[in-house]
Amino acid sequence: MTEVKKIVEREVLMNGTQAVAHAAMYADVDVVAAYPIRPYTEVMDTISKLIADGELDAEFIVAEGEHGQFETVKHASLVGARTLVGSSGVGWLYAMEAIVVTATDRAPVVAIIGNRALDDPGAYGVEHNDALMVRDVGWLLAWVDTAQEAFDTTLIAYKVAEDQRVLLPVGISMDGGFLTHSEQIVRLPPRELVKDFLPPYNRGKYLVHPDNPITVAPQVNEDWVMEIRRQHEEAMERARGVISEAYESFKKVFGRYPGSTAEIQMPENPFVEPYMIDDAEVVIIGMGTVSKPIKVAIKNMRRQGYKVGMLRLRWFRPFPTQDVIKYLSNSKVVCVIDRDYSMGSPNRGGVIYHEIRSALYDLDQRPKVMNFIGGLGGREITIQDVEKIIKIGYEHRDTPITKPVYWVGVRGDPW
Amino acid sequence: MVEKEIEEKVYKSIIKTIKDVPLEEFYTSGHRTCQGCESALVMRFLAKAAGPRTIVIGATGCMYVANTTYYTTSWIVPWVHTQLGGSGAAVLGTAAALRALMRKGKIKQEPINVIAFCGDLGCADMGLSGVSNAMTYDYNLLIILYDNESSANTDIQETSMTPYGAQTSFSRPGKERRIMKRRWKKNVVSMIIAGHRNVKYAATMTPAYPLDSMNKIRKALSIGGPTFIHSLDPCPKGWDYDPKFSHELGVLAVETGLWPLYEYINGEIVYNEPTKSIVEGRMKRKPVKEYLEKQGRFSHFTEEDIEYVQKMVDEMYEEWEIPGVMPIKSINVKISD
Ligand code: SF4
């Protein structure tokens, strides 16, 4: 008979960064590398205190810069240590070289990205372009919405990253300020249960150790890069299945679906969060905390008879193509809210917009896709903004789209 | 006085005579370095001196590009590449991980040497801040700067390690300006020992003195903590000389006084022969001319340039508080009341 462990969750008030730090503590990380930059820094502030208090046994390296920070965890990971790292905005970019090789060396590092606008001009607020810089280099990327989801996704990230079928780093993005610094109730499961969910990190035959004297990342010149990139791509593809398994396993062990609590009921889909989408003619798409004003606006507009729903992307890499097709194919207009931009791109729109358009391209009956660039640098996307977006989308159910991309609420630019 | 404990560790680790050098090679065939490459010899010495319980981390540079071609890696011990500026962070990550995993019982407790090597750019230029950071921690790790005085794997460009006046593809003498490289070479070991209290061992070496070199690697590893070695590596391709003269140039660099051999052990400077004899006045320094004129990279030098280099070297021995090591002088300052 299998032992049934009683699940008594502790309710604690914490912000997104603290939630991640606690998840890393539960995951028993071995090496943490820190370097300050707002707004992610509090992950490391919290970890440092947890170590000082004896709650977590880990080496805490204060790097000389973000490049060093990411090189440190990459090498720690290659010798078998579970690691935590993170950054924001230009710090994330300063580390970019090390970030790329973390993926190409197949080091299952978990990084927290507290999304922040890129300099210049200096600003602390959220913008997604920082994390999106790695969309093409083989990192798994998740965008979380609540502190609970941040906690849960961190545990899932280790399980997925370290799976022998995957061995890829995971970046968990959270909106700077809106999630990194807003306190919410987080339900913490009993610590012992995490062991049932998360096995120890085992690098197998790729472990760097004198007992296993391998050469990692030798030079291949013009030869072999094709094969290595292809293997990497295949691991990314396998990650889809592994992510689904991890969410199921999480539910089995902790008795609730990741991101859900008694108060919040998340639909059981790892990749996307659909909201009032079943009969929706207009669907709003977003990532991160923008889901909050979207949901309120949808409720308001539904009362006025608008058939509108939301699809929030929870994972961005691998891209949830099948879910996007499944939930959007019956809608008429899709309004993508991008908290980012892609300068000079085909329709002068945002990154998510182009990804969604691409995912829908092969459908015989495809919805129209519109783009709304907003909330850059931490500007609020208000409920009124979303209601206006919904109205614009609704107007185009049967009329052709003349202006596919709107910038939301730019001073002096009526939209 | 060097502490007794350190003295014992050092004594146990050193190789007394050339006959006692271990026969096993851990850096072996398969590399594609140039004939007469002294940096390749540094790799061989470090692997031999450190033995099999070692993890080597190599930053981008000649010794990455020429040594670890897929299918023909020359490393018998585990070897990992790090980015050009990543050596300091990579050794930190590796050493920290080993400590955590051993403390937490996740891997067997045993001493494992963690060594990173980096070239001019990876250690003295781009990677300097990371190397410096590693030197402030208390992990057991060794960083070796293999200094061939140029960015050699990208075809001999100037770095901060390139000596005054030397020709590189970034410092070509021309009609208007004969000397393009006007900066004096950085004094890296001095920087390390002056700025990092945790470092108990740092040294200079050159592979022309094999026993001295291997023993310095042994001492660094046995004394432990963060340690640093700067090796001057004659490079036939970049310095433009016949490969058979590699050792001779290493010896000349030391005997002309350009490259003093010394160790820093827990707060004290120890000179090694023949630098010791030079500093103690038992041996006369050879003129730098003998060293310079054997290399094509100085072929544009006039007597005036040679004199200038000679003057700078003379100053190193005659004017500095610690000859050839620290460019400082103590003066008697009266503090008036
Ligand atoms: S270029 Fe110089 S350092 Fe590089 S392999 Fe050739 S001799 Fe050695």
Side-chain angles (χ1 to χ4, degrees), chain A residues 28-33 35 57-83 85 95-102 104-105 107 109 200-202 207-221 223-225 227-228, chain B residues 26 51-58 60 64-101 103-104 106-108 110 112-114 116 126-134 136-137 139:
Chain A
D28 188 30
V29 292
D30 303 304
V31 175
V32 181
Y35 192 80
D57 182 3
E59 295 296 302
F60 189 77
I61 302 286
V62 180
E64 82 290 353
E66 288 88 353
H67 187 279
Q69 196 190 353
F70 280 77
E71 280 286 329
T72 297
V73 289
K74 178 191 98 188
H75 286 267
S77 180
L78 295 176
V79 294
R82 183 169 284 164
T83 59
V85 69
M96 197 49 74
E97 182 196 31
I99 285 173
V100 172
V101 291
T102 301
T104 54
D105 287 355
V109 161
Y201 169 32
N202 174 9
L207 182 73
V208 173
H209 188 274
D211 291 340
N212 188 43
I214 54 172
T215 298
V216 178
Q219 249 231 324
V220 299
N221 295 337
D223 209 353
W224 290 112
V225 172
E227 287 73 15
I228 291 166
Chain B
F26 299 101
R53 305 311 281 174
T54 300
I55 294 173
V56 180
I57 296 154
T60 312
Y64 171 48
V65 174
N67 277 324
T68 51
T69 306
Y70 190 41
Y71 279 164
T72 66
T73 178
S74 35
W75 293 96
I76 306 287
V77 287
W79 184 94
V80 191
H81 174 231
T82 186
Q83 296 307 107
L84 188 54
S87 306
V91 271
L92 264 187
T94 307
L98 292 177
R99 182 182 286 180
L101 294 170
R103 181 178 65 233
K104 292 162 94 171
K106 294 183 182 180
I107 59 170
K108 194 176 89 209
E110 61 166 329
I112 294 178
N113 301 316
V114 178
M126 179 203 268
L128 186 62
S129 63
V131 168
S132 167
N133 198 45
T136 62
Y137 275 84
Y139 296 108

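Below, chains carry the letters A, B, ... as their sequence lines are ordered, and counting in each starts from 1.
Contact of B:Lys106 with chain A is made through the side chain alone, with heavy-atom distances under 4.5 Å. For chain B, no part of A:Val100 is nearby; none of its heavy atoms comes within less than 4.5 Å. In this structure, chain B has a heavy atom under 4.5 Å from the backbone of A:Phe60, while its side chain stays farther away. Residue A:Ile214 touches chain B through its backbone alone, counting heavy-atom pairs closer than 4.5 Å. With a 4.5 angstrom heavy-atom cutoff, A:Val208 touches chain B via backbone and side-chain atoms both. At a 4.5 Å heavy-atom cutoff, the contact between B:Ile57 and chain A is made by side-chain atoms alone. Heavy atoms closer than 4.5 Å to chain A are found in the backbone of B:Val77, but not in its side chain. For chain B, the nearby parts of A:Val216 are the backbone and the side chain; heavy atoms of each come within less than 4.5 Å. Interface residue B:Thr54: only backbone heavy atoms are found under 4.5 Å from chain A. Of the two parts of A:Asp223, neither the backbone nor the side chain holds a non-hydrogen atom closer than 4.5 Å to a non-hydrogen atom of chain B.
For the atom pair B:Trp79 CH2 and A:Thr215 OG1, the distance stands at 7.5 Å (nearest 0.5 Å). Taking OG1 of B:Thr69 as the reference point, atom CH2 of A:Trp224 lies at 14.0 Å (rounded to 0.5 Å).
When each of B:Ala97, B:Ala95, B:Gly93 is scored by its heavy-atom pairs under 4.5 Å with chain A, the top score falls to B:Gly93. Options B:Thr94, B:Thr136, B:Asn67 differ in how many heavy-atom pairs under 4.5 Å they form with chain A, and the most are formed by B:Thr94. The choice from B:Asn113, B:Ile112, B:Val91, B:Leu98 that makes the most heavy-atom pairs within less than 4.5 Å of chain A is B:Ile112. Ranked by non-hydrogen atom pairs under 4.5 Å with chain B, the options A:Ile61, A:Val79, A:Val31, A:Val73 are led by A:Ile61. Ranking A:Ala33, A:Ala98, A:Ala76 against chain B, the residue ahead of the rest is A:Ala76, based on heavy-atom pairs under 4.5 Å. No other option in B:Gly127, B:Ala134, B:Ala96 has as many heavy-atom pairs under 4.5 Å with chain A as B:Ala96. Chain A forms more heavy-atom pairs under 4.5 Å with one residue of B:Ala100, B:Ser87, B:Pro52 than with any other, namely B:Ala100. Of all the listed residues (B:Ile76, B:Val65, B:Leu84), the one sharing the greatest number of non-hydrogen pairs under 4.5 Å with chain A is B:Val65.
For the ring-ring contact (aromatic ring centres under 6.0 Å, His included) test, residues two or more places apart in sequence or in another chain that qualify with B:Tyr139 are B:Tyr137. In this structure A:His209 satisfies the ring-ring contact (aromatic ring centres under 6.0 Å, His included) test with no other residue, sequence neighbours excluded.
With contacts defined as side-chain heavy-atom distances shorter than 4.5 Å, the pair A:Asp211/B:Arg53 qualifies. Within the 4.5 Å cutoff, the side chain of B:Tyr70 has no heavy atoms near those of the A:Gln219 side chain.
Residues A:Glu64 and B:Ser132 have side chains that never bring a donor and an acceptor to within less than 3.5 angstrom of each other.
Not a single donor-acceptor pair under 3.5 Å links the side chain of A:Asp105 to the backbone N or O of B:His81.
Test B:Lys104, B:Arg103, B:Arg99 against A:Asp57 for salt bridge (Lys or Arg N to Asp or Glu O under 4.0 Å) and you get one pass: B:Arg103. Across B:Leu92, B:Val114, B:Ile55, B:Thr82, a single residue satisfies side-chain contact (heavy atoms from CB on, under 4.5 Å) together with A:His75, and that is B:Thr82.
Residues A:Glu71 and B:Ala89 approach most closely at CB-CB, 3.6 Å, considering heavy atoms.
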